[in-house]
Amino acid sequence: MSLFGSSNFGLPRLKPLSSKRSHIVSVLDIGSTKVVCMIGRLTPREESEILPGRTHKIDVIGIGHQRSRGIKTGVIADLDAVESVIRLAVDAAERMAGLTVDSLIVNVSAGRLASDVYTATIDLGGQEVEASDLRKVLTSACQQSQRQDRAILHSLPTGFSLDGERGIRDPLAMYGDVLGVDMHVVTAENAALKNLELSVNRAHLSVEGMVATPYASGLAALVDDEVELGCAAIDMGGGTTTISVFAEGKLVHTDAVGLGGHHVTTDLARGLSTRIEDAERLKVVHASALMNSADDRDLISVPPIGEDDRDQPTQVPRALVSRIVRARIEETLELIRDRIQRSGFSPIVGKRVVLTGGASQLTGLPEAARRILARNVRIGRPMGVSGLPTAAKGPAFSTAVGLMIYPQVAENETHAAQGGLLSSLGGNNSRFARVGQWLKESF
């Protein structure tokens, strides 16, 4: 199904989960550092105070991860290499789960993710809001966002208005003259999405749905109060750092910068004249994002870059390692701070920031982020999932877990298709449940 006719890339769309049935969900997190495949069993759960938006309990029954090859700053640079890594990761997860995977939900970091808000209004003439009015205003907002070279990943109604009064969550059956909606739309370039799908297809698998990386990691790492009150999740990956802003239970903004943990490693490799893998080890073991007076006295051994046995390791002060690391970390955090400021969502983020992703594990990073972002910072680990091996419980696996959570919130989205509006805003726990029910009935 193409969203904009034959000239545009038709994104695969997830079917809504049944809240009464168990489902097997398979996901693929394709990152610059690693590729992770997770297979999970989603079982219907009772309404609960903890993570109230979740309709299903998630048990991970299979996981496989491989070191990434063929991906640079989130972009596919070598299809063959990516295909073989996908095969290996999926194969390991399948063996552990004891089942075969046909299709997967995949994350998107490439394609210059863009986040825009479109506003549409329609005239009601003093009548009550009916399902057809909602359909009309949502379709109108969706149509504004259609672009020839980009595909819509997510389109989320963030709020309705009646006669200029904003912040209405469910306008059905209310009276007014003008109905408006704000639609948050996340798009990516068609070419990047086609290449992503191609790399999965070449491994004899199909793509069930695509999810923007910042959305996925935010779903996994944020608690409900943060999502409701307003918070930014910053996912520091190997090749990219992504930002997602949530408020009133919904994703309201996303952004990405092409800097990540791998840039810190290459800075170290250049600055200390050592191999990439040795620089990575030095970063993990010795580097810190904080100043420490003892760093000048401590010497650490740096392996030489050559193969010659006579080359001796050099001794450098730990302060030099931390200085190189700190320069890049501060640049990344300052860039994020400026992006949040420029987005206009700074007041919504307030004082709450959650850091997640593999690169967030650097010693002293939360303190550096507190200072530069001038906000409260915590490290976010994936929540509300059982069956994860210990090695996969850290922030590096937030995106993969978020992809598992995504099917439960996918039905909050609205998509304009050729045949009108495909809108299943329903689901018993969704605040658009009644809207969704009316829309379904009116087709």
Report task. Carefully, step by step, assess Glu280 and Lys283 under the rule salt bridge (Lys or Arg N to Asp or Glu O under 4.0 Å). Result -> CA-CA 5 Å; Glu280 180 66 31; Lys283 178 181 83 174; 3.4 Å; yes
Query raised in the report: Which is it for Glu277 and Arg67 under the salt bridge (Lys or Arg N to Asp or Glu O under 4.0 Å) test, yes or no, and what are the steps along the way?
Result: CA-CA 12 Å; Glu277 51 265 44; Arg67 213 164 113 187; 5.6 Å; no
Requested in this report: Check the pair Ser346 / Arg375 against side-chain hydrogen bond (donor to acceptor under 3.5 Å, both in side chains), numbers first and verdict last.
Outcome: CA-CA 11 Å; Ser346 192; Arg375 290 177 157 95; 2.8 Å; yes
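Contact detail for Asn195 and Ile76: the closest heavy-atom pair is O-CD1, 3.6 Å. Nearest heavy-atom pair across Leu251 and Ser244 is CD1-CB, 3.7 Å. Taking each heavy atom of Leu28 and Leu403 in turn, the nearest pair found is O-CD1, 3.4 Å. Closest approach of Leu219 to Gly402, counting heavy atoms only: CD1-O, 4.0 Å. Smallest separation of non-hydrogen atoms from Ala120 and Val137: O-CG2, 3.4 Å. Residues Thr240 and Gly74 approach most closely at CG2-N, 4.4 Å, considering heavy atoms.
In this structure, Arg352 contributes its side chain and Gly230 its backbone to a donor-acceptor pair below 3.5 Å. Side-chain atoms of Gln361 come within 3.5 Å of backbone atoms of Gly358 as a donor-acceptor pair (strictly under, hydrogens ignored). Under a 3.5 Å cut-off, the side chain of His286 and the backbone N or O of Ser322 do not form any donor-acceptor pair. A donor-acceptor pair under 3.5 Å is absent between the side-chain atoms of Gln66 and the main chain of Val35, judged by distance alone. Using modelled atom types, one side-chain atom of Asn190 and one backbone atom of Gln148 make a donor-acceptor pair closer than 3.5 Å. Side chain of Glu226 to backbone of Val223: a donor-acceptor contact under 3.5 angstrom is found. With Glu189 contributing its side chain and Arg112 its backbone, the two residues share no donor-acceptor pair below 3.5 Å. In this structure, Ser68 contributes its side chain and Gly31 its backbone to a donor-acceptor pair below 3.5 Å.
Contact annotation: the side chain of Leu113 never approaches that of Thr213 to less than 4.5 Å [non-hydrogen atoms, C-beta and beyond]. A 4.5 Å side-chain heavy-atom check between Phe246 and Leu222 finds at least one atom pair inside the cut-off. Side-chain contact between Asp255 and Ser343: absent, with no pair of heavy atoms (C-beta onward) separated by less than 4.5 Å. In this structure the side chain of Glu94 reaches within 4.5 angstrom of the side chain of Asp91, judged on heavy atoms. The shortest side-chain heavy-atom distance between Thr363 and Leu290 does not fall under the 4.5 Å cut-off. Ser199 is listed as a side-chain neighbour of Leu79, based on a closest heavy-atom distance under 4.5 Å. Put simply, the side chain of Glu83 reaches to within 4.5 Å of the side chain of Asp80, judged on heavy atoms.
Rounding to the nearest 0.5 angstrom, the gap separating the CZ atom in Arg370 from the CG atom in Leu365 is 10.0 Å.
Residues passing the side-chain hydrogen bond (donor to acceptor under 3.5 Å, both in side chains) test with Thr119 are Asp182, sequence neighbours excluded.
No side-chain donor from either of Thr158 and Lys250 sits under 3.5 Å from a side-chain acceptor of the other. A donor-acceptor pair shorter than 3.5 Å can be found between the side chains of Ser115 and His184. Thr266 and Arg328 form no side-chain donor-acceptor contact under 3.5 Å, judged by distance and modelled atom types alone. Side chain to side chain, Asp235 and Thr242 fail the donor-acceptor criterion of an N or O pair below 3.5 Å. Under the 3.5 Å distance criterion, with hydrogens and angles disregarded, a donor-acceptor pair is assigned to the side chains of Ser84 and Arg69.
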Side-chain polar contacts of residues 380-397 - donor-acceptor pairs under 3.5 angstrom, sequence neighbours left out - could you list them?
residue, atom, partner, partner atom, Å
Ser386, OG, Ile58, O, 3.3
Ser386, OG, Asp59, OD1, 2.2

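Taking the six-membered ring for Trp and thresholds of 30 and 60 degrees, His253 and Phe345 have nearly parallel ring planes, at less than 30 degrees apart.
Applying side-chain contact (heavy atoms from CB on, under 4.5 Å) to Asn107 and the options Ile30, Val27, Val211 leaves one that passes, Ile30.
Residue-environment remark: CZ (Arg202) exceeds the threshold of 12 foreign heavy atoms within 6.0 Å.
At a threshold of 4.0 Å, the pair Arg371-Glu367 does not count as salt-bridged, since none of the basic side-chain nitrogens sits closer than that to a carboxylate oxygen.
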